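These notes concern the structure reproduced below.
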Amino acid sequence: MRASQLYAPTLRETPAEAEVISHQLMLRAGFIRKAAGGIYNYLPLAWRVLKKIEKIVREEMDAKGGQELLMPIVLPAEMWQETGRWDVYGDEMFRLKDRHGRDFCLGPTHEEMITTLIRDEVRSYRQLPLMLYQIQNKFRDEIRPRFGLMRGREFIMKDLYSFDRDEAGLNESYNKMYDAYSRVFTRCGLTFRPVEADPGAIGGKGSHEFMVIAESGEAAIVYCGGCDYAANVEKAELHPIEAPAEAPQPMALKDTPGTKTIAAVAEFLGLPADKTVKTLAYMTDKGLVFALVRGDHDVNEIKVQNAVGAIFLQMADEAALAAAGTAPGFMGPIGVKDVTVVADATVMKLHNTVVGANQADKHYVNVNPGRDFKPAVVADIRLIREGDPCPRCGEPVKAARGIEVGQVFKLYTKYSKALNATYLDESGKEQTIVMGTYGIGISRTMAAAIEQNNDANGIIWPAAIAPFQAAVIPVNNADQGQRELAEKMYAELVAAGVETVLDDRDERAGVKFKDADLIGYPLKVTVGAKAVTENKVEVKTRRSGEVHFFPAEEAVSGIKDLLAQL
RNA sequence: CGGGGCGUGGCUCAGCUUGGUAGAGCACCUGGCUUGGGACCAGGGGGUCGCAGGUUCAAAUCCUGCCGCUCCGACCA
């Protein structure tokens, strides 16, 4: 490709709208342009990168027996109504009507479509297992699209669906995908970590997320230095903590004026925060829920949601609290009606603790959980923090941030049951197909790669996904010798199968170097005066800045060697 | 959905307080000069100042409404 023909409009200045580095660099380097909030055009350089990522993904999916197909973007409402997700998805779903008033949506994911697609055709155990996938644009009307390609409203995703006879088959498919995902992200040159995850709205049980480790990541994860445990904080388990034994005291109501926070109550009573109980109120589709954790702990809302089986959960407002007959700042589990009390397992270990009395300026003291109140649910609902013990080995966990580039789920029969996808086993008995779903954010992976590979001058592409491998730069276009040698190097590299850009633009050397660094070609091949007079072609590695000189006739093999090392 | 900020040429921004014929740098076009890290000189093209109302002799500037972008929040009572 000749740079004079390449449509890659670079910007000297960073557009004001971009906050994270990947977004800034993709705009500046001429990879993307915005069409609307969270919706982007992929220009030729970006498209080349995306196709490389897709190619790696296809190879790894195919290697595990996946078969590629393509489903529609526009999906009819009926199948979503059958599984209930037409309502569950809420405002995040792009909806539209055709001229007859029939409801459709732009596919946010395709479990419903794939399941209805195969249910009429797959009738026998002989047709299983089956793995089908597509690479397709997905649509989610995010509350707040941000960070460029990292959280867009339209994005490119690979989604694979596995269909098995039973749980054993599902586990096998799941393990294959887990392995394939590890291979994909390794080949893309990313530093990543699979972590245990909460399946969330997709449903099912058993899930891992593949996290690209980056400061700008939206997800918080913990991992153990002592063993290989790693999890999203939403999921990370915690064992209950024992409290030192104490003789139970009689419960008493005590005036605690103005103590609306744990810190204030603890100070007023002269107790450490870990001898108190914190109560948070949530409105859910299952009614009002009180979540109890030890005073110095935090609530994990996902765990609360799972503990009560709620689809919807948010902090209760003052009106809801008033209706429930309690007082903000002084809430507690004792004497409340029509409230589901969920206690963290650690709370149940406390002796002579403190809870709000559900009236202003009063707390109960010397409360003994189990004796003085009995929660409807006791579960692990605590949010893990750095330094908490690993649930597997007890070593303190470390915290990190990650960009979720892939997630694998064991769905079991959630969708196959709702959509009636069954097969006949050997004995002629009807069985429900067991499913898994496996996604990779292709466009997000591109952004994540930039988040992890950049410097002050621009992008540093891992060679496997770089839009081009090398840029040939004649320093002085006016010099015929340089121009001709650069043309020759370019022709030879292309003939040798090296994806190369020849910067034939009538620009000064500085401009060409700056653009090459910004775009992030792994190698710069500089043809200057020395190349012509001393037969020394300069090859500079983008990442390390390392410089090699080759005689022109050896340059191509030298470049191929360098690329092989990247 | 709540709160803040911002919408002026392709990009970054000034001008708005105090109304009076729309600016700079970069980018772009022409010519010259230059050629190893975003040169220089001269000339030139390009803007319904987000949209719609209103106030005024006169609105980018003041007022009202709307739209868009962006940041924070929508978790620890």
Side-chain angles (χ1 to χ4, degrees), chain A residues 9-20 23-24 27-30 33-39 90-91 143-148 220 233-234 258-265 273 276-283 290-305 313-318 320-322 324 326-332 344 356 358 360-361 363 381-383 385 456-458 473-480 482-483 486 503 505-519 524-532 536 538 540 545 547:
Chain A
T10 56
L11 267 23
R12 287 199 191 198
E13 287 171 281
T14 303
E17 69 189 47
E19 199 203 355
V20 296
H23 189 196
Q24 294 176 351
L27 287 168
R28 280 194 58 205
R33 287 292 184 265
K34 184 171 68 180
I39 300 176
D91 291 336
I143 296 181
R144 195 176 151 201
R146 59 181 134 178
F147 304 150
V233 294
E234 292 178 349
T259 56
K260 296 186 92 172
T261 64
I262 289 296
V265 178
T276 68
V277 170
K278 178 156 54 181
T279 302
L280 288 322
Y282 296 96
M283 296 185 289
F290 276 12
L292 273 49
V293 291
R294 204 172 76 183
D296 59 322
H297 287 164
D298 296 318
V299 168
N300 181 328
E301 293 184 356
I302 306 281
K303 289 182 181 175
V304 174
Q305 206 167 344
L313 176 144
Q314 79 172 63
M315 291 299 275
D317 56 28
E318 303 244 344
L321 296 184
T326 186
F330 300 91
M331 295 186 300
D344 184 60
N358 295 313
D361 300 329
H363 281 80
I381 58 165
R382 179 182 152 206
L383 185 68
R385 284 195 289 237
N457 291 318
I473 299 175
V475 168
N476 184 347
N477 259 8
D479 183 304
Q480 195 185 352
Q482 288 182 28
R483 224 171 46 223
D503 200 338
R505 295 176 302 169
D506 190 16
E507 292 285 357
R508 296 166 67 84
V511 172
K512 296 192 250 191
F513 289 141
K514 285 289 184 190
D515 272 351
D517 287 349
L518 182 59
I519 290 167
K524 282 196 297 286
V525 181
T526 305
V527 179
K530 263 190 202 165
V532 178
K536 280 165 98 176
E538 175 187 317
K540 191 167 188 176
V547 178

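Each chain gets a letter, A, B and so on, in the order its sequence line appears, and its residues count up from 1. Just so it is clear, the structure is predicted and the values come from calculations on it, not from any experiment.
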Can you check the distance between [N] and [M], where both ends of the measurement are the [atom1] atom (answer in whole Å)?
N       : M       : atom1 : result
rG19(B) : rG15(B) : C1'   : 13 Å
rC75(B) : rA22(B) : P     : 49 Å
rA59(B) : rG46(B) : P     : 24 Å
rG23(B) : rC16(B) : P     : 15 Å
rG47(B) : rA24(B) : C1'   : 14 Å
rC49(B) : rC13(B) : C1'   : 14 Å
rG9(B)  : rG25(B) : P     : 16 Å
rU70(B) : rU64(B) : C1'   : 24 Å

Could you tell me whether [X] contacts a base, only the sugar-phosphate backbone, or nothing, with contacts defined as non-hydrogen atoms closer than 4.0 Å?
X       : result
R28(A)  : base
G528(A) : base
A316(A) : base
E19(A)  : sugar-phosphate
D515(A) : base
N477(A) : nothing
K512(A) : nothing

Under the 3.5 Å rule, do the base of [N] and the side chain of [X] count as making a donor-acceptor pair?
X       : N       : result
K540(A) : rG36(B) : no
R505(A) : rG38(B) : no
D517(A) : rG37(B) : yes

Are OP1 or OP2 of rC71(B) and a side-chain N or O of R146(A) less than 4.0 angstrom apart?
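No.
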According to the Watson-Crick and G-U wobble definitions, with both distances under 3.5 Å, which nucleotide is paired to [N]?
N       : answer
rC66(B) : rG50(B)
rG10(B) : rC26(B)
rU21(B) : none
rA39(B) : none
rC1(B)  : rG73(B)

Atom-to-atom span, [atom1] of [X] to [atom2] of [N] - whole angstrom:
X       : N       : atom1 : atom2 : result
Q480(A) : rU35(B) : CD    : C1'   : 16 Å
I143(A) : rU70(B) : CD1   : P     : 15 Å
E507(A) : rC40(B) : CD    : P     : 13 Å
R33(A)  : rC69(B) : CZ    : C1'   : 16 Å

Can you build the contact string for nucleotides 2-16 of chain B? Use B for base contact, S for sugar-phosphate-only contact, and - for no protein heavy atom under 4.0 Å.
---------BSS---
Determine yes or no for a side-chain-to-main-chain donor-acceptor pair under 3.5 angstrom, with D503(A) supplying the side chain and P474(A) the backbone.
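Checking the backbone N and O of P474(A) against the side chain of D503(A), no donor-acceptor pair under 3.5 Å is found.
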Of all of residues 276-283 of chain A, which get a heavy atom below 4.0 angstrom from RNA chain B, listed by number?
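Under 4.0 Å from RNA chain B: K278(A), T279(A), L280(A), A281(A).
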Taking C-beta and beyond as the side chain, do Y282(A) and Q314(A) meet within less than 4.5 Å on heavy atoms?
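When only atoms from C-beta onward are counted, Q314(A) and Y282(A) do not touch, as no gap falls below 4.5 Å.
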